Amino acid sequence: MESAGVMNKTTIELLARRAGLDKALEEFPEDVAAAAEQASGAVERMTAPTDPRAEPWPPMRAGRQPGGGL
Amino acid sequence: MTDLHWLTAADAARAVAARELSPVELMNALLGRVARLDPQLNVFIRLDAEAATAAARAAEAEAIAGRLRGPLHGVPVGIKDIIDVAGLPTTCHSKILIDNIATADAVCVSRLRGAGAIVLGKLSTHEFAIGGPSLDLPWPPARNPWNWEHHPGGSSSGSGAGVAAGLFPIALGSDTGGSVRNPASACGIVGLKPTYGLVSRRGVFPLSFTLDHVGPMTRTVADNALMLDVIAGHDSLDPGSAAARAGQYGSRLQRGVRGMRIGFVRHFHETDLPAHPEVAAALETVVGTLQGLGADIREVRLPSLGEFAAVNRIILQSEAWVIHGPWLRERPGDYGRLARRRLLPGAFLSARDYVQAARRRLQMIGEVEAALRDVDALICASSMDPPSRIEEAEETERTYPRQGRTPFNVTGHPALAMMAGLSRGGLPLSVQFVGRYFDEATLFQIAREWERAAGTDQKHPP
């Protein structure tokens, strides 16, 4: 899956079935469609970093005990 | 003595320690109030009156013998129903977990009990701390004690409503996108989202691993600091727990704000999500008051609320999907409509979306940190509107995301919401203070000065 861009009905159904949501698709098709729209909207509103060196947070911290915190 | 139901936790504990108040007398007064008001407020999912009364008797005997467990000896506390209390259900206000009985106390509950607090019961929430006020769940939604027709905020709805209504002086909530601060704002109390990792999340049902926080909800700033003193601290079994030293959060409550530099994030409520005029006016009053008391207020800019909300949503829904995916596949009908709609988007977010959001998150942390290098704390809007009418689903849906809280779940900075005044309709308006990592004491210092100046701790629902 590349990214939650704008999705048409076929794409939504394909992704929902791939995620195992056949039952939800059958019983709550409007909720599934609304969810896909929400996901698309959130991705569109984010300014994704373009610098290849931009790191994600939180980082991997090898050798640190769990609980090292921020 | 003041009405027992309006006693602060600190005053109650002091009176119990001085043998001026019996924990049994206090418990009986609160249980009587619960019996009168909860049929309208729907604060409790499970009231544990029998165990609470037994614990109050034990606390009384201990106090008489001069054995005090800690700073909350004999003080009743309410627990949001996503937090484990041994022997009681943790339902997350959902049919999905209706039969789930906790086998052990969450760490935060255990710390409260260790300090002498008495668990009164489990409190209503939005389903899994993400739905909304829903009528299609096994329990009804909590209502706002200032006006029962209004939403008390969420997701820690029962915690906010119960503290404001005088059913208990303190409560635990959780905050992943604002869920401690939203009900604190709507109910006119004090709610703190501590620095990420300061309070253990072990024994709390997760919504989003890197955004979840547990926080204290109280009627006064001093009680909030006291409660944080008790629940903060390192937990080696919580992978997100911080190694920071905790305690003495109320040590600067009386110092005032003279000479403090406070950044006003005006664009949050003026251009990003234009606030209701009464909210905007209340914020100006808070800023003007603190300025009059000697604070140096200067304007600061952060990334937009729209972008913070997007990053919060992508991370939250991606992480929540791994928790709820199996149930959403097999039992989608056992969720309420609102939670189902808010949890399903994770199925449509890719690994790329999640990692990009995590990368943007680090940049946003840097931008907030840069702002906090020049000031001691920030002030900004919490809710952009007075509480909505609970029966008007569209109005609640419209106002729910109009808030300035999610930025600090994304960045992990401590943030405190409290009453900024009352609307013409008699509903609480709110303000938010944000601090440097692990500098909750400064937030309490500023919040106490506003509370003292405005008398917000003396304002209770009619």
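Each chain gets a letter, A, B and so on, in the order its sequence line appears, and its residues count up from 1. Since the structure is predicted, the reported quantities are computational estimates derived from the model, not experimental observations.
Within the 4.5 angstrom heavy-atom criterion, only side-chain atoms of A/E27, from C-beta onward, approach chain B. Residue contact with chain B, scored on non-hydrogen atoms closer than 4.5 Å, is absent for A/L25. In this structure, the portions of B/A357 lying under 4.5 Å from any heavy atom of chain A include both its backbone and its side chain. Of the atoms belonging to B/E307, heavy atoms from both backbone and side chain fall under 4.5 Å from chain A. Heavy atoms of A/D22 lying under 4.5 Å from chain B are absent altogether.
Taking chain A as the reference chain and counting heavy-atom pairs below 4.5 Å, the highest number among B/R340, B/R313, B/R337, B/E330 is found for B/R340. Considering only heavy-atom pairs separated by less than 4.5 Å from chain B, the leading option among A/A48, A/P59, A/P58, A/P56 is A/P56. Most heavy-atom pairs under 4.5 Å with chain B: of the set A/A19, A/P49, A/A42, this distinction falls to A/P49.
Taking the centre of each ring, B/F408 and B/H213 stay at or above the 6.0 Å mark.
Of the charged side-chain nitrogens involved, none lies within less than 4.0 Å of a carboxylate oxygen, so that B/R202 and B/D238 do not count as a salt-bridged pair. Checked for salt-bridge contact, B/R436 and B/D439 miss the test: no charged N lies under 4.0 Å from a carboxylate O.
With B/Y196 as the aromatic partner, B/R361 does not meet the cation-pi criteria of under 6.0 angstrom to the ring centre and within 45 degrees of the ring axis.
Taking the six-membered ring where the residue is Trp, B/H413 and B/Y437 present parallel rings, their angle staying beneath 30° rather than reaching 60°.
Taking a 6.0 Å sphere around CD of A/E37, one finds it holds 12 or fewer heavy atoms contributed by other residues, nucleotides or ligands.
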